[in-house]
Amino acid sequence: PPSLPQRPSDPAHVVRFDRSGWVQQIDLDKLIGCIPTGQTMWVETYPGRYAIEGTPIGDLSTAPDDADADADAFERAVLAAIRTGDTRTMQQDVSFGLRQLADVALKALSPGINDPTTAQDAIFHSAAVLAELLRRDPPSPVRSNGDSGRIVLVHQPTHDDLIRLAFDEVRQTAAAMPAVCIYLLESLELLTETIDGRGTGRAESLRHQAELVVAGCAAADNLPADVRDVEQAFQKRFAT
């Protein structure tokens, strides 16, 4: 990842949301185009985050021209580059699809529904989506457009964030269901194979999830024989 430019300790000019709602899309070209030449804007928001009126979008390295009209025009241009709405969308929000698949699995595992087959289906569909993301490097957080200004996207989902989103809540809910724990271990094994050595951090995050699956099953009120089945499934897939 590129080294990020030094951020001023005291923001020179903070741009704030003028409305509340989910951040659905950010037109990066439009946003970069409105940054004054030679200046940097640190963007705090991202698609998939909820915006509350009055909270910061980001801050500029130096203030626009002293004239109020120039500052107002800059803020209007920034706001025009960011679309908010009542619901999340998947156009730029890479984590929303994973969130929905995790919700399907969680609902299927709930006591009122108790449908492990649907949970299994959601787990493997989620793994297929996650595989597409893990095989790729995230885009650079620093964007510029020729001699124009530049923006720094302060918050972007990491590979570890996406892995945790796909597995954390599901494995916690499935701890007392050894069969579902084995489904989780199988999906984690497949993901480890599909990344094929791309980034040790990704493989370590996947193995850590597998270890947590086993630990959760052992801590739940399961029969010793069922816990052994899960432990053996882990050893078969992750012993090396």
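Atom set for the values below is all heavy atoms of this structure, side chains included, hydrogens, waters and symmetry mates excluded.
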[X] side chain to [Y] backbone, donor-acceptor under 3.5 Å:
X: His155; Y: Val43; answer: no
X: Gln120; Y: Tyr183; answer: no
X: Arg207; Y: Phe238; answer: yes
X: Thr173; Y: Glu169; answer: yes
X: Asn222; Y: Ala175; answer: yes
X: Thr192; Y: Leu188; answer: yes
X: Arg202; Y: Leu134; answer: yes
X: Ser20; Y: Glu53; answer: yes

Go through it in stages, so that I can follow the logic: the residues are Arg7 and Val152, the test is side-chain contact (heavy atoms from CB on, under 4.5 Å), and I'd like the CA-CA distance, side-chain angles, deciding distance and then a yes or no. CA-CA 10 Å; Arg7 188 173 186 173; Val152 179; over 6 Å; no
Report yes if the side chains of Ile195 and Leu206 come closer than 4.5 Å at any heavy-atom pair, otherwise no. yes
Between Ile57 and Arg16, is a side-chain contact (heavy atoms from CB on, under 4.5 Å) present by the stated rule, with each step listed? CA-CA 5 Å; Ile57 295 174; Arg16 301 181 183 276; 5.9 Å; no
Just do the side-chain contact (heavy atoms from CB on, under 4.5 Å) check on Ile26 and Gln92 with the steps written out, would you? CA-CA 8 Å; Ile26 299 178; Gln92 291 184 349; 4.1 Å; yes
Is it true that Leu28 and Met41 fall in one hydrophobic cluster, defined by side-chain heavy atoms closer than 4.5 Å? yes
Side chains of Arg88 and Gln24 only: does a donor on one sit below 3.5 Å from an acceptor on the other? no
Return yes when atom CZ of Arg143 has more than 12 non-hydrogen atoms of other residues, nucleotides or ligands closer than 6.0 Å, and no otherwise. yes
Phe167/Leu184 under side-chain contact (heavy atoms from CB on, under 4.5 Å): CA gap, chis, key distance, verdict: CA-CA 8 Å; Phe167 286 100; Leu184 288 167; 3.8 Å; yes
Heavy atoms only: give me the nearest Ile52-Phe17 pair and the separation to one decimal. O-CB, 3.9 Å
